[in-house]
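Chain letters run A, B, ... following the sequence lines, proteins first and then strands; every chain starts at 1.
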There are 2 protein chains.
Amino acid sequence: MSVKHIILGILSWKPSSGYEIKTEVEYKGRELGWGKVSFGSIYPKLKELELEGLVNCKEVSQTERQTKMYDLTNKGWAELSDWLRSNPTYPVVRDELLMKMSFWNYVPNLSIDCLIAHLNNRKINSEKMLEHLRDWECNDVSSIGNLAAYSFEYLKLQLETEIKWINQTIEKLLLNEQQPHKDPMNLVQESHKRYQKTVE
Amino acid sequence: MSVKHIILGILSWKPSSGYEIKTEVEYKGRELGWGKVSFGSIYPKLKELELEGLVNCKEVSQTERQTKMYDLTNKGWAELSDWLRSNPTYPVVRDELLMKMSFWNYVPNLSIDCLIAHLNNRKINSEKMLEHLRDWECNDVSSIGNLAAYSFEYLKLQLETEIKWINQTIEKLLLNEQQPHKDPMNLVQESHKRYQKTVE
DNA sequence: TTGGACATGTAACGGGTTACATGATTGA
DNA sequence: TCAATCATGTAACCCGTTACATGTCCAA
């Protein structure tokens, strides 16, 4: 899981320039569960891969703009294949919204409206992504392997679940309903006391 | 979203040593959507935070083992509060399983059984996490704020959705059912041709 | 003629992990 | 007495981003 394998994977789709790889990641990355990749990591990595003999490079310059087109070598296909067969690592998410919710109770003087605003914001973004996903499925230029289509389905399900959860959660917060929670050591109260003492 | 805020957040729960912070992240991190944090980043960061005046440190050493207990200062509470109020960034996931599925079709000679094994593996891990989550809710020592409980709910829903999706996907793969996919430019075939040429 | 997409690159920095080093205390 | 847990720290490294520098081609 790294820029290296993203590059090799995209080159398996078709020979591409560094610039094209970037736009490909930009465009499909969100949908397919990749992160982002910057030029600053693509170009040096391509050179490295060339040195390793995993890709080769042809300069195209005739009528067209000068461009370096990369393609997989024998060794590159093998490396990609090996990686695909190796067991994927379990994803570790660092979700800032969830983190904030974990701490929200313990800090006094925080408005619940502010948290609701965060949730709404998240919802708007997720709805945008969902829409983007559906648009993409409707367009008739993009290719998508049938297995990639399954990962599409995954993303859609997760986004739908998330939106549902946000709606429910906001509703509960507005009703000021208390989720059954437990605090055997009275940490929330303790925190507020400590806060008072410190700020006093 | 960083080690800094994780530390401040945990200190809002209760004063802790670097070691305790680590175990706290270890134990609750998975459930609450944080990543992992290593000692190598906790200890230097605590010193830094002390210099910035966000936390203070008391050495405890009497009968007990020598320990540095940290707590939030006035400024630390303020910083935490500011961060909580600021709009969370939208999470970017890099999911290796999804990435591999995006590329699977384009590389010849990959067994579908191998992909099914990856999916099963993921399922096992997710089931373990789900179980862990449920255990945690039942134990009677851990505190959890009512808002943290909502993020718990989120994680549970996402895991359940994921497991359902895995089951469906494996079933489809076993039936060799073709997901409606599109390939207007015949990229899959093209890739296989390119592969043949390169490997020949 | 000018701004925007195309195209490539590098140096500085950032934020973390890994691996290593050290040592006290506790329980089997 | 020996392994496990508690406890702290640092230096080397990794992998990426940001910011900058440079230049072409095309269309409004």
Side-chain angles (χ1 to χ4, degrees), chain A residues 1-8 10-11 14-27 29 34-52 54-70 83 89-96 99, chain B residues 1-8 10-11 14-27 29 34-52 55-70 83 89-94 96 99:
Chain A
M1 174 162 59
S2 54
V3 173
K4 174 176 174 176
H5 295 114
I6 292 179
I7 291 177
L8 294 179
I10 288 178
L11 290 182
K14 62 181 180 50
S16 312
S17 67
Y19 192 89
E20 283 176 309
I21 290 172
K22 173 75 166 23
T23 51
E24 203 68 21
V25 174
E26 205 92 311
Y27 188 57
W34 317 343
K36 294 181 174 185
V37 187
S38 62
F39 285 130
S41 49
I42 289 177
Y43 287 120
K45 187 57 74 177
L46 278 169
K47 286 200 169 171
E48 209 180 291
L49 294 175
E50 203 186 355
L51 275 174
E52 284 184 66
L54 298 176
V55 304
N56 57 36
C57 172
K58 271 182 207 152
E59 298 229 13
V60 181
S61 46
Q62 35 267 54
T63 30
E64 309 165 51
R65 210 187 250 98
Q66 178 226 316
T67 304
K68 294 186 177 179
M69 294 298 283
Y70 289 89
W83 173 68
T89 57
Y90 196 81
V92 178
V93 232
R94 184 165 288 175
D95 189 322
E96 210 177 329
M99 276 178 56
Chain B
M1 171 162 60
S2 54
V3 173
K4 174 176 175 176
H5 295 114
I6 291 179
I7 290 176
L8 294 178
I10 288 178
L11 292 181
K14 62 181 180 46
S16 311
S17 65
Y19 192 87
E20 282 176 310
I21 289 171
K22 173 77 163 32
T23 51
E24 203 67 22
V25 174
E26 204 92 312
Y27 188 57
W34 317 342
K36 294 181 175 186
V37 188
S38 62
F39 285 129
S41 50
I42 289 177
Y43 287 120
K45 187 58 72 176
L46 277 168
K47 286 200 170 171
E48 208 180 291
L49 293 176
E50 203 186 356
L51 276 175
E52 284 184 66
V55 304
N56 58 36
C57 172
K58 272 181 203 151
E59 298 230 15
V60 180
S61 47
Q62 34 268 51
T63 30
E64 309 164 54
R65 210 185 249 100
Q66 177 225 318
T67 304
K68 294 186 176 178
M69 294 299 283
Y70 290 89
W83 173 68
T89 56
Y90 197 80
V92 178
V93 233
R94 184 165 288 175
E96 209 178 329
M99 277 179 56

Using every non-hydrogen atom in the two residues, find where [X] and [Y] come nearest and quote the distance to one decimal.
X: A/Ile7; Y: A/Ile42; value: CD1-O, 4.2 Å
X: A/Cys57; Y: A/Lys68; value: SG-CB, 3.8 Å
X: B/Tyr70; Y: B/Leu11; value: O-CD2, 3.5 Å
X: B/Tyr19; Y: B/Tyr43; value: N-OH, 3.5 Å
X: B/Met99; Y: A/Ile6; value: CE-CG1, 3.4 Å
X: A/Ser16; Y: A/Ile21; value: CB-CG1, 4.0 Å

Integer-rounded Å distance: [N] [atom2] and [X] [atom1]:
X: A/Ile21; N: C/dG9; atom1: CD1; atom2: P; result: 12 Å
X: B/Trp34; N: C/dG16; atom1: CH2; atom2: C1'; result: 18 Å
X: B/Gln66; N: C/dG23; atom1: CD; atom2: P; result: 13 Å
X: B/Lys22; N: D/dC6; atom1: NZ; atom2: P; result: 11 Å
X: A/Glu20; N: C/dA5; atom1: CD; atom2: C1'; result: 13 Å
X: A/Ile7; N: D/dG16; atom1: CD1; atom2: P; result: 9 Å
X: B/Lys68; N: D/dC6; atom1: NZ; atom2: C1'; result: 15 Å
X: A/Lys36; N: D/dC15; atom1: NZ; atom2: C1'; result: 18 Å

Given [options], which nucleotide is nearest the side-chain atoms of [X]?
X: B/Thr67; options: D/dA7, C/dG9, D/dG16; result: D/dA7
X: B/Ser38; options: D/dG16, C/dT18, D/dT17; result: C/dT18
X: B/Tyr19; options: D/dT18, C/dT8, D/dT8; result: D/dT8
X: A/Tyr70; options: D/dG16, C/dG16, C/dG9; result: C/dG9

Polar atoms only, N or O, under 3.5 Å: list the protein pairs with nucleotides 21-24 of chain D and their distances.
from	atom 1	to	atom 2	distance (Å)
D/dT24	O2	A/Arg65	NE	3.2
D/dT24	O2	A/Arg65	NH2	3.4

Measure the OG-CD distance between B/Ser17 and B/Glu59 for me, rounded to the nearest 0.5 Å. 12.0 Å
Results of salt bridge (charged side-chain N to carboxylate O under 4.0 Å, His left out) for A/Lys14 - residues two or more places apart only: none
Across all chains, not counting sequence neighbours, the salt bridge (charged side-chain N to carboxylate O under 4.0 Å, His left out) partners of B/Glu20 are none
Quick one: which of A/Trp34, A/Trp83, A/Tyr90 gives a side chain to side chain donor-acceptor pair (under 3.5 Å) with B/Glu96?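 Option passing the side chain to side chain donor-acceptor pair (under 3.5 Å) with B/Glu96: A/Trp83.
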Close N or O pairs between protein and nucleotides 10-13 of chain C (under 3.5 Å):
none

Look only at the side chain of B/Arg94 and the backbone of A/Val92, and say whether a donor-acceptor pair between them is shorter than 3.5 Å. no
Axial bend angle, the helix from C/dT1-D/dA28 to C/dA28-D/dT1: five-pair end segments, nearest 10°: 20°
Result block: side-chain N/O donor-acceptor pairs under 3.5 angstrom for residues 44-51 of chain A, not counting sequence neighbours:
from	atom 1	to	atom 2	distance (Å)
A/Lys45	NZ	A/Glu48	OE2	3.3

Looking at D/dC15, I'd like to know if its phosphate oxygens (OP1 or OP2) sit under 4.0 Å from a side-chain N or O belonging to A/Lys4. no
